[in-house]
Amino acid sequence: MASASEDATFLSRNAVDCLPAGALQDKLAAGRPLRVKLGLDPTAPDIHLGHVVVLQKLREFQDRGHLVVLIVGDYTARVGDPSGRSSTRPQLSGDDIDANARTYQEQAFTVLDPARVEVRRNSEWLDMSMEELFRLTRTATVAQILERDDFAKRYAAQTPISVLELLYPMLQAYDSVAIDADVELGGTDQKFNLLLGRDVQRAYGKPEQVVLTMPILPGVDGERKMSKSLGNHIGVAEPPQEMYGKTLSIPDAAMPQWYDLLLGEPMPSDLGPRDAKHALARRLVARFHGDAAAADAAAHFERVVIQKDVPEDIPVHALASNGAPVHLPAVIADAFGLSRSEARRLLGQGAVKLDGTPLGAGELDVPAERLDGAVLQVGKRRFCKLARG
RNA sequence: GGGGGGAUGUCCGAGUGGUUAAAGGAGACGGGCUGUAAACCCGUUGGCUAUGCCUACGCAGGUUCGAAUCCUGCUCCCCCCA
């Protein structure tokens with residue numbers, strides 16, 4: 001069996017911080033399985049590649065005999081998101097949270113070993129009495145909380161911060177108390193919250209957790225962190241073709257990081273950027289969908305994006321069967337979820353093709369016979385086959 | 001409790017009575033080009049039964065031939081003082 005020192009070195013391998021220095025090794029030296037915590041927010045139930053970076057690290061802990069404690073933040077979600085002034089984000093119902101939590105687990109298990117996971121919901125302990133809340137909130141000061149980078153920035157920018165939001169880090173910290181976390185993982189943006197967990201644990205007379213932060217994966221724009229709300233994410237459950245295409249859209253400059261953080265190896269130096277990116281896309285798809293799906297996705301990309309050909313399987317859109325001329329903007333709007341005005345604009349831009357032939361701006365009404373059985377294409381990637389219903 | 005500032009399209013952000021469906025930027029989309037859904041260049045970017053009509057600058061009224069721009073009330077946000 002590996003020594004605690006070797007384990008600690010391995011487990012903190014590509015972490016940004018492993019705090020405090022030496023603490024991980026000390027915990028490992030005790031020889032018992034550690035309780036390694038990760039908190040998940042059940043409001044946006046999709047695990048994306050950014051999460052995968054952290055999940056992989058958790059997996060490494062599992063593979064060395066430790067236990068992952070996955071915390072579903074159902075209670076904090078039920079409180080509703082207080083951020084933003086006109087935020088009308090609906091509070092999630094119990095059913096939604098259950099569904100999201102299930103999706104989350106399912107997707108997290110594409111990386112984690114389900115046999116070594118304990119899933120807990122923080123409603124188990126956060127539904128506490130006022131008295132207990134007082135005890136918790138006494139353990140930190142406003143100045144401490146305001147130190148957190150994003151609060152500081154928002155405060156400086158004069159954007160609203162609700163008291164509830166200030167409370168969030170404390171609630172998260174209390175999770176660590178409740179489950180006796182030995183280690184807590186997160187992205188570097190979580191560093192403050194994770195460290196606060198230590199303070200609160202100490203205040204409750206518990207051993208303090210080790211804080212391990214992982215680098216943030218840049219999104220498909222290559223600049224900002226991958227996040228669903230920024231729309232630059234790739235979900236682990238996304239279809240192979242999407243995953244493949246999106247991966248190819250990342251800027252070349254982001255490739256070394258993606259190789260490093262997702263595949264755990266340096267970008268191959270013997271491949272050109274194009275081949276390296278295709279290889280990356282293929283391996284990522286293979287990981288979540290299998291080798292066959294990855295090969296299909298690569299073939300689809302070659303066919304549709306590079307050869308500009310029609311995909312093999314395209315959805316059928318039913319036309320009304322009354323024989324009247326068909327109003328094209330309406331069909332385009334219905335088939336692809338656009339507005340009719342937008343459909344008209346696209347027609348004007350030569351983006352709409354019927355069986356490969358571009359249509360003009362004036363071709364608004366087309367005889368039904370001409371459309372029946374034809375392939376309608378909008379832009380490079382949206383296709384459907386028309387058929388009279 | 002007192003004083004000051006603010007609310008504009010997906011987002012950021014100009015605009016203080018008259019081509020303002022609203023500058024500029026970001027994002028997104030389309031076209032060109034390409035090794036790519038990258039970069040770069042060009043274009044588009046409220047809706048509709050479409051040479052016109054409707055909706056839109058926090059909400060509700062008002063002044064005016066005409067308002068995002070002026071007035072009144074309301075709601076919400078930020079800052080300073082107490």
**Q** Tell me the interatomic distance from A/Arg344, atom CZ, to B/rU49, atom P, rounded to whole angstroms.
**A**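 Going from A/Arg344 (CZ) to B/rU49 (P), I get 7 Å.
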
**Q** How many Å lie between CG on A/Leu338 and P on B/rU45, as a whole number?
**A**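 My rounded result for the distance is 15 Å.
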
**Q** In whole Å, measure the gap between the P atoms of B/rC42 and B/rG61 for me.
**A**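 These two P atoms come out 46 Å apart once rounded.
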
**Q** Would you indicate what A/Leu248 reaches in the nucleic acid, counting non-hydrogen atoms under 4.0 angstrom: base, sugar-phosphate, or nothing?
**A**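 It contacts base atoms.
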
**Q** Counting just side-chain N and O atoms, does A/Ser249 come under 4.0 Å of either OP1 or OP2 of B/rU36?
**A**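 Looking at the OP1 and OP2 atoms of B/rU36, neither is under 4.0 Å from any side-chain N or O of A/Ser249.
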
**Q** Provide the Watson-Crick or G-U wobble partner of B/rG24, both distances under 3.5 Å; none if there is no partner.
**A**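 B/rC12 - that is the nucleotide pairing with B/rG24, both distances being under 3.5 Å.
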
**Q** Can you measure A/His300 atom NE2 to B/rU36 atom P for me and round it to whole angstrom units?
**A**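 Value for this atom pair: 16 Å.
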
**Q** Distance check, P atoms only: B/rG13 and B/rG18, in whole angstrom units.
**A**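 It works out to 25 Å between them.
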
**Q** When you measure from the side-chain N and O atoms of A/Thr247 to the phosphate of B/rA37, is any distance below 4.0 Å, counting only OP1 and OP2?
**A**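 For B/rA37, OP1/OP2 do not have a side-chain N/O of A/Thr247 under 4.0 Å.
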
**Q** If I pick the C1' atom on B/rU36 and the same atom on B/rA14, what distance separates them, to the nearest angstrom?
**A**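 Per the computed distance, 37 Å lies between those C1' atoms.
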
**Q** Exactly one of A/Val54, A/Leu58, A/Val52 should register a side chain to side chain contact (heavy atoms under 4.5 Å, CB included) with A/Gln56. Which one does?
**A**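 Exactly one pass, corresponding to A/Val52.
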
**Q** What's A/Gln241 touching, base or sugar-phosphate or nothing? Going by heavy atoms closer than 4.0 Å.
**A**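 Base, at least one base atom sits under 4.0 Å.
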
**Q** Please report the distance, rounded to the nearest Å, between CG in A/Leu280 and P in B/rA37.
**A**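 Answer to the nearest Å: 16 Å.
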
**Q** Which value, in whole Å, describes the distance between the C1' atoms of nucleotides B/rA38 and B/rC12?
**A**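 The answer is 25 Å between these two C1' atoms.
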
**Q** On the nucleotide B/rG31, are OP1 or OP2 found under 4.0 Å from the side-chain N or O atoms that A/Lys380 carries?
**A**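 The answer is yes; a side-chain N or O of A/Lys380 sits under 4.0 Å from OP1 or OP2.
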
**Q** If you look at every strand shown and take non-hydrogen atoms under 4.0 Å, does A/Gly379 touch a base, only sugar-phosphate, or nothing?
**A**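 Since only primed, P, OP1 and OP2 atoms lie under 4.0 Å of A/Gly379, the category is sugar-phosphate.
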
**Q** Side chain of A/Gln349, base of B/rG31: donor and acceptor closer than 3.5 Å?
**A**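 Under the 3.5 Å cut-off, the side chain and the base do not form any donor-acceptor pair.
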
**Q** For A/Gly245 and A/Ala333, take the nucleotide of RNA chain B holding the closest heavy atom to each; which residue's nucleotide lies nearer the 5' end?
**A**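 Checking each residue's closest nucleotide, the 5'-ward one belongs to A/Gly245.
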
**Q** Considering only atom C1', compute the distance from B/rA67 to B/rU8 and round it to an integer number of Å.
**A**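 Straight-line distance between the two C1' atoms is 14 Å.
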
**Q** Pick the C1' atom in B/rA21 and in B/rC54, then give their distance to the nearest Å.
**A**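 These two C1' atoms come out 12 Å apart once rounded.
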
**Q** Is there a donor-acceptor pair closer than 3.5 Å between any side-chain N or O of A/His289 and the backbone N or O of A/Glu238?
**A**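 Indeed, once roles are kept as given, a pair shorter than 3.5 Å links the two residues.
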
**Q** In whole Å, what is the span from the CG atom of A/Asp334 to the P atom of B/rU49?
**A**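 Taking CG of A/Asp334 and P of B/rU49, I get 11 Å after rounding.
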
**Q** For A/Asp252 and B/rA37, what is the distance between atoms CG and C1' respectively, to the nearest whole Å?
**A**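 Those two atoms, CG and C1', are 13 Å apart.
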
**Q** Where the side chain of A/Arg382 is defined as all heavy atoms beyond and including C-beta, which of B/rA50, B/rU36, B/rC29 is the nearest nucleotide?
**A**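 Nucleotide nearest to A/Arg382's side chain: B/rC29.
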
**Q** Judged by atom type as modelled, is there a donor-acceptor pair below 3.5 Å linking the side chain of A/Gln25 to the main-chain atoms of A/Asp7?
**A**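 No.
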
**Q** Both A/Arg274 and A/Leu346 contact RNA chain B. Which one's nearest nucleotide lies toward the 5' end?
**A**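 Counting from the 5' end, the first nearest nucleotide belongs to A/Leu346.
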
**Q** Report the nucleotide, chosen from B/rA50, B/rU36, B/rA37, that has the shortest atom-to-atom distance to any side-chain atom of A/Lys277.
**A**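 The answer is B/rU36.
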
**Q** Return the nucleotide paired to B/rG58: Watson-Crick means purine N1 to pyrimidine N3 with N6-O4 or O6-N4, wobble means G-U with N1-O2 and O6-N3, both under 3.5 Å.
**A**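 Across all strands, the one nucleotide that pairs with B/rG58 is B/rC74.
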
**Q** Ignoring hydrogens and angles, does a donor from either the side chain of A/Lys308 or the base of B/rU34 sit under 3.5 Å from an acceptor on the other?
**A**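 Counting by modelled atom types and ignoring angles, a donor-acceptor contact under 3.5 Å is found here.
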
**Q** Rounded to the nearest Å, what distance is computed from the CD1 atom of residue A/Ile250 to the C1' atom of nucleotide B/rA39?
**A**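 So the CD1-C1' distance, A/Ile250 to B/rA39, works out to 14 Å.
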
**Q** Between B/rG9 and B/rG15, how far apart are the two C1' atoms, rounded to whole Å?
**A**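 After rounding to an integer number of Å, I get 14 Å for this pair.
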
**Q** Go through A/His278 and A/Phe301 one step at a time and tell me if the ring pair (Phe, Tyr, Trp, His ring centres under 6.0 Å) criterion holds.
**A** CA-CA 10 Å; A/His278 277 278; A/Phe301 189 88; 5.8 Å; yes

**Q** Partner lookup for B/rC40, please. Criteria are Watson-Crick or G-U wobble with both distances under 3.5 angstrom; report none if nothing qualifies.
**A**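 Matched B/rC40 with B/rG32 under the 3.5 Å cut-off.
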
**Q** Indicate if A/Val375 and A/Leu328 have the same hydrophobic cluster label, given that clusters are the connected sets of ILVMFWY residues with side-chain heavy-atom separations under 4.5 angstrom.
**A**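 In one cluster: no.
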
**Q** Rounded off to whole Å, could you give me the CD-to-C1' distance for the A/Glu223 and B/rG25 pair?
**A**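 Atom-to-atom, A/Glu223 to B/rG25, this comes out as 14 Å.
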
**Q** For the side chain of A/Lys246 and the backbone of A/His233, is there at least one donor-acceptor N/O pair under 3.5 Å apart?
**A**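 Present.
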
**Q** Under 4.0 Å between any heavy atoms, over every strand shown, what does A/Arg224 touch: base, sugar-phosphate, or nothing? Just pick one.
**A**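 If one applies the 4.0 Å heavy-atom cut-off, A/Arg224 turns out to touch nothing in the nucleic acid.
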
**Q** Look through every strand shown and name the nucleotide pairing with B/rG18 as Watson-Crick or G-U wobble, where both distances are under 3.5 Å.
**A**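 Per the H-bond distance test, B/rC65.
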
**Q** Do A/Val119 and A/Val72 have side chains that approach each other closer than 4.5 Å (heavy atoms only, starting at C-beta)?
**A**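 They are in contact (side-chain heavy atoms under 4.5 Å apart), so the answer is yes.
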
**Q** For A/Ile306, answer base if it contacts any base atom (sugar-phosphate contacts may also be present), sugar-phosphate if it contacts only those atoms, and nothing otherwise; contact means non-hydrogen atoms under 4.0 Å.
**A**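 Here A/Ile306 touches the backbone only, sparing every base.
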
**Q** Side-chain N or O of A/Arg345 versus OP1/OP2 of B/rG47: is the shortest distance under 4.0 Å?
**A**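 Affirmative; the distance criterion is met.
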
**Q** Backbone N or O of A/Ala276 within a donor-acceptor pair of the A/Tyr259 side chain at under 3.5 Å?
**A**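 It does hold such a pair.
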
**Q** Measuring from the side chain of A/Ser341 (C-beta onward, heavy atoms only), which nucleotide among B/rG35, B/rA37, B/rG47 has the closest atom?
**A**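 Among B/rG35, B/rA37, B/rG47, the one nearest the side chain of A/Ser341 is B/rG47.
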
**Q** Rounding to the closest angstrom, what is the interatomic distance between B/rA22 and B/rC71 at atom P?
**A**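 Between the two P atoms, the distance is 26 Å.
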
